[in-house]
Amino acid sequence: MSAREGDDLVLRIDGTRPISAETVASVAALCDRAEDHDGPHPVVVHVSGAPDASWADGLTVGLANKWERALRRLERLDRLTVGTASGDCGGTALDALLVTDVRVATPETRLLLSTPDGTTWPGMALYRLTQEVGTARIRRAVLLGAPIEATEAHTMALLDDLTTDPTSALAELTSTAAAIPPSEPSIRRRLLFDASTVPFEEALGAHLAACDRTLRRKTP
């Protein structure tokens with residue numbers, strides 16, 4: 001795919017900016033475009049920046065709820081999602097990064113849960129981090145506001161690739177995404193998420209249905 005073909009499936013999130021109606025709308029618009037877009041092109045979310053101490057001034061629970069629901073929609077798209085991170089990433093940047101399927105970052109990237117006043121934002125980023133890596137590995141970040149350095153995040157598989165050339169890594173992922181059949185990303189993602197919570201007997205039907213879909217595609 002050329003860069004231009006997937007331009008409308010790209011979003012940039014500035015973590016220095018607070019949650020706002022505009023930020024929520026930008027994620028919703030990206031999801032609309034992704035759902036209407038033909039072809040296997042991945043959704044790409046570029047994130048950077050971390051908030052200052054005034055980040056939550058004027059924020060309401062209602063707006064936070066709309067933001068979390070917009071992120072949940074992005075997280076469940078029937079399309080591969082790729083996050084690219086650079087520098088300090090906190091606030092909305094960290095929120096958006098954690099809902100992507102594959103995450104590429106530069107070596108100087110840091111994941112930040114706290115703002116300069118030491119407050120840790122208790123949003124769903126905490127939930128997603130705990131689901132992915134467990135309580136023990138993020139306790140210091142959550143309770144003490146310790147930054148998660150890129151190498152540590154990579155070791156924990158919060159970041160899939162550290163590179164000084166995110167553009168090349170993104171091009172490779174785009175090529176890989178082209179081979180993924182339509183509707184498969186959301187199915188595989190759901191099976192992945194359910195594996196830690198759904199009992200074997202309940203999960204079996206969904207897995208067999210997915211196997212049947214795969215076999216039917218292979219039948220001439």
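Any value given below was found using the heavy atoms of this structure, including those in side chains, with hydrogens, waters and symmetry copies removed.
- Other residues, nucleotides and ligands contribute more than 12 heavy atoms inside 6.0 Å of the CD atom of E132.
- By the rule that hydrophobic residues join a cluster once side-chain heavy atoms approach within less than 4.5 Å of another member, I148 and L126 end up as members of one cluster.
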Working for side-chain hydrogen bond (donor to acceptor under 3.5 Å, both in side chains), residues D52 and S54: CA-CA 6 Å; D52 61 21; S54 64; 2.7 Å; yes
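- Counting only distance, with no hydrogens or angles, the side chain of D101 and the backbone of V82 share no donor-acceptor pair below 3.5 Å.
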query: Step by step, would you call R73 with D32 a salt bridge (charged side-chain N to carboxylate O under 4.0 Å, His left out)?
result: CA-CA 10 Å; R73 184 181 172 195; D32 287 341; 2.5 Å; yes
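- For T155 (side chain) and T151 (main-chain N/O), a donor-acceptor pair under 3.5 Å exists by modelled atom type.
- R33 places a side-chain N or O within donor-acceptor distance of the main-chain N or O of D8, the cut-off being under 3.5 Å.
- Salt-bridge check for E35 with R79: failed, with every basic side-chain N at 4.0 Å or more from each acidic carboxylate O.
- To the nearest 0.5 angstrom, L94 atom CG is 12.5 Å from S48 atom OG.
- Atom CG of L71 and atom OG1 of T100 lie 10.5 Å apart (nearest 0.5 Å).
- At distances below 3.5 Å, at least one donor-acceptor pair connects side-chain atoms of W55 with backbone N or O atoms of R17.
- Put simply, the side chain of V104 reaches to within 4.5 Å of the side chain of L173, judged on heavy atoms.
- In this structure, the side chain of T120 engages the main chain of V142 through a donor-acceptor pair within 3.5 Å.
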task: Take D160 and R103, measure what salt bridge (charged side-chain N to carboxylate O under 4.0 Å, His left out) needs, and give me the verdict at the end.
output: CA-CA 5 Å; D160 297 290; R103 303 157 194 164; 5.3 Å; no
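- Residue L112 is not grouped with residue W67 when hydrophobic side chains (ILVMFWY) are merged at heavy-atom distances under 4.5 angstrom, including chains of intermediate members.
- Contact annotation: the side chain of L9 never approaches that of V44 to less than 4.5 Å [non-hydrogen atoms, C-beta and beyond].
- Note that the OG1 atom of T167 and the CD atom of E172 stand 13.0 Å from one another [nearest 0.5 Å].
- Cluster annotation: L143 and I138 are assigned to the same hydrophobic cluster (Ile/Leu/Val/Met/Phe/Trp/Tyr, side-chain heavy-atom contacts under 4.5 Å, transitive).
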task: Start with the C-alpha distance between T16 and D14, add both sets of side-chain angles, then the distance that settles side-chain hydrogen bond (donor to acceptor under 3.5 Å, both in side chains), and finish with yes or no.
output: CA-CA 5 Å; T16 66; D14 181 356; 2.7 Å; yes
- request: Decide side-chain contact (heavy atoms from CB on, under 4.5 Å) for T81 and V102; before the verdict, give the C-alpha distance in whole Å, the side-chain angles of both, and the deciding distance to 0.1 Å.
  value: CA-CA 7 Å; T81 57; V102 183; over 6 Å; no
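- Hydrophobic clustering (ILVMFWY, side-chain heavy atoms < 4.5 Å, transitive): I187 and L74 are in distinct clusters.
- L11 has its side chain out of reach of H46: every pair of non-hydrogen atoms, C-beta onward, lies at least 4.5 Å apart.
- For the atom pair S26 OG and R12 CZ, the distance stands at 13.0 Å (nearest 0.5 Å).
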field: Check against side-chain contact (heavy atoms from CB on, under 4.5 Å), D57 and L59
entry: CA-CA 6 Å; D57 291 354; L59 180 62; over 6 Å; no
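- Hydrophobic clustering, with ILVMFWY side chains joined whenever heavy atoms are under 4.5 angstrom apart, keeps M124 apart from L113.
- Of the candidates R128, R190, R189, R69, R128 is the only one forming a salt bridge (charged side-chain N to carboxylate O under 4.0 Å, His left out) with E75.
- In terms of modelled atom types and a separation under 3.5 Å, the side chain of T23 and the main chain of I19 share no donor-acceptor contact.
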- request: Would you check, one step at a time, whether the test side-chain contact (heavy atoms from CB on, under 4.5 Å) holds for V43 with V45?
  value: CA-CA 7 Å; V43 166; V45 183; 4.2 Å; yes
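- Here the CD atom belonging to E68 is positioned 5.5 Å from the CG atom belonging to D95, to the nearest 0.5 angstrom.
- Here the CG atom belonging to L159 is positioned 5.5 Å from the CG atom belonging to L111, to the nearest 0.5 angstrom.
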message: One pair to check against side-chain contact (heavy atoms from CB on, under 4.5 Å): S186 and L77. What are the steps and the verdict?
response: CA-CA 6 Å; S186 63; L77 281 177; over 6 Å; no
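- T106 and E108 are linked by a side-chain donor-acceptor pair at a separation below 3.5 angstrom, with hydrogens and angles left out of the test.
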